[in-house]
Amino acid sequence: MNEVNRELILTNVSRRYGNVVAVQDVSFSVAHGEIVAVLGPSGSGKTTVLNMVGGQLQPSSGDIRIGGKSIAGLPPEKIDAATVFQDYALFPHLNVLDNVGFGPRMRSVSRSEAAKKAMECLSLVGLSEYGDRKVTQLSGGQRQRVATARALAVEPAILLMDEPLGALDRQIRLRLQDELSALLRRLEVTTLLVTHDQTEAFAMADRIAVMHNGRLEQIGSPDELYSWPRTEFVSTFLGGGTILEARAAQRSSHGSVRAETVIGSFNCRVNCDVPEGASLRVLVRPEHVSLQPAGTSEVSDLKNGQVANVLNNGEATRTTVRFGDVTIESLQLGWRQMAQGDAIDALIKRDGPVVIVKEG
Ligand code: ADP
Ligand code: MG
C-alpha cells in the first residue's frame, strides 16, 4: 500500500432522527493501520457511526476526518473508504473476479489492470482459484472473503466492516476472525469494525470502543477494558461478574483499598485516591472467586454461602453461590466436586476485584 495518511478522527459527532438521538457526541480516532472495534448491543448506534464515516449518512453535528481532511458533505463515492456489509452485498450477476474488480473499474482503471488487482486481492483471501465462480455458488465464508477482497481492491484509506462475520457458523467465524485480523495487520489497513460480539472484538481489535445508548462509554485495549472498566455497563458487557456496593474500610494506598460489603471484606484495585468511609462500587469477576467447603479453611473472605447452581464442562467449573440476597459467580479450572445446596466459603483474589465509577 502506498504511503498516505490513513488516520480516521471523529470529533463530537452526533446524529439525530427527529427526537431520537442515534449517536451522541462521539469522539475517537483510529490510527494508521490500527483495527478499532465498535462494540455495543443492538441499537447502540454502531451502524450509524460506520455509515457516517462511509458517507451514507451525514452527521447532525461534529466532524469526521480521514487522512487529515474533513469529509463533511461528501457523497460516499468521494470518500476514501470501502465497506464490507454483513450481507456482503455482492453483485449476483457478476462472477467472483468481476465482483472484486468492480471497484478498480469504477475508478477508471483498465480492464486488465482491474483483473490483475482483483486476482491479487483474491489470493490475499485464499480464493485465487475461484475467479470464474458465480457468487451464488459460494459458501457464506467464501462470500465474506470475496466481499473483503472487493473492499481491499480499491486500496481504501479506511476499511469499514459492519458485523462482517455475523451470518457465519461459529467455527468458520472463529477461523475468519484470525485470518482477517492477521491480513489487515499485515497490510496495515486502518479498520473500523462494528460488532455486538465481545469475543469477536477481543479476537480482532487493537482497541475497542464500547457504545451504549448512542454514547461512547469507553475506548481502550481489550486488556484495559477488561481490567479497568470505567462504568457498570462496560464491566458487565465485557465478561461476567457481580457488582457490589461497598465502603472503604481505610484510605486507599498503592492502588489498593479494603472494601467492606454486606457479605464480607476483601481488597480491590483502585486507580484513584479513595478516603476512608467512601462509598464504592466493586466488580467481582468469576475468576477472582475460589470456593471451599464451609469451615474447612481459616482464610476465607465470604462465609456460609449456598451453592445455587453448578456447571461443569471438565475444563472448568462455573458455580453460582448465594450469600443471603447476594449472588456471586465463581469460575475455577478443572472439575470441582460440588452440588446444589452445598454450604461453602469463598476466597476472593487479593486485589482481583476493581473499583468502578459510581453512576448517577
Ligand atoms: P446498531 O447498529 O448499534 O444496532 P443503529 O446505529 O442501527 O444501532 O441505530 C441506533 C439507533 O438509531 C436505534 O435506536 C435506531 O432505532 C435508531 N435509528 C437508526 N436508523 C434510523 C432511522 N433511519 N430513523 C429513525 N431512527 C433510526
Ligand atoms: Mg447495526
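Whatever order the structure lists them in is the order used to number ligands and atoms, beginning at 1.
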Practice problem: Starting from atom 7 (O) of ligand 1, locate the nearest protein heavy atom and write down its residue, its atom name and how far away it is, to 0.1 Å. | Solution: Thr47 CB, 3.8 Å
Practice problem: Give a yes-or-no answer on whether the side chains of Ser227 and Asp223 include a donor-acceptor pair shorter than 3.5 Å. | Solution: yes
Quiz prompt | Arg336 vs Thr319 side-chain heavy atoms within contact, under 4.5 Å | solution = no
Quiz item: Counting from 1, what ligand 1 atoms have a heavy atom of Pro41 closer than 4.0 Å?
Solution: 3 (O)
Quiz item: Thinking salt bridges, do Arg318 and Glu329 make one under a 4.0 Å N-O criterion?
Solution: yes
Quiz item: Where is the nearest protein heavy atom to atom 23 (N) of ligand 1: which residue, which atom, and how far?
Solution: Tyr17 CE2, 3.4 Å
Self-check item: NZ/Lys303: more than 12 non-hydrogen atoms of other groups inside 6.0 Å
Solution: yes
Exercise. Please tell me if the side chains of Val257 and Leu280 come closer than 4.5 Å, counting only heavy atoms from C-beta onward.
Key: yes
Practice problem: Considering heavy atoms of the protein only, find what lies nearest to atom 12 (O) of ligand 1 and give residue, atom and distance to 0.1 Å. | Solution: Ala22 CB, 3.2 Å
Practice problem: Please write down residue, atom name and distance for the protein heavy atom closest to atom 8 (O) of ligand 1. | Solution: Gly45 N, 3.3 Å
Exercise. Verify the contact flag for atom 16 (O) of ligand 1, where contact means a protein heavy atom under 4.0 Å away.
Key: no
Quiz prompt | Closest to atom 6 (O) of ligand 1 among Val23, Thr48, Leu57 (heavy-atom distance) | solution = Thr48
Practice problem: Find out whether Phe85 and Leu50 are in side-chain contact, i.e. whether some heavy atom of one side chain is under 4.5 Å from a heavy atom of the other. | Solution: no
Exercise. Assess Arg150 against Tyr88: is NZ or CZ under 6.0 Å from the centre of the six-membered ring, and within 45 degrees of the ring's axis?
Key: no
Practice problem: Establish whether atom 25 (C) of ligand 1 and some protein heavy atom are separated by less than 4.0 angstrom. | Solution: yes
Quiz prompt | Identity of the nearest option to atom 11 (C) of ligand 1, non-hydrogen atoms only, from Gly43, Gly214, Ser44 | solution = Gly43
Quiz item: How about Ser42: does one of its N, O or S atoms come closer than 2.8 Å to the Mg ion (ligand 2)?
Solution: no
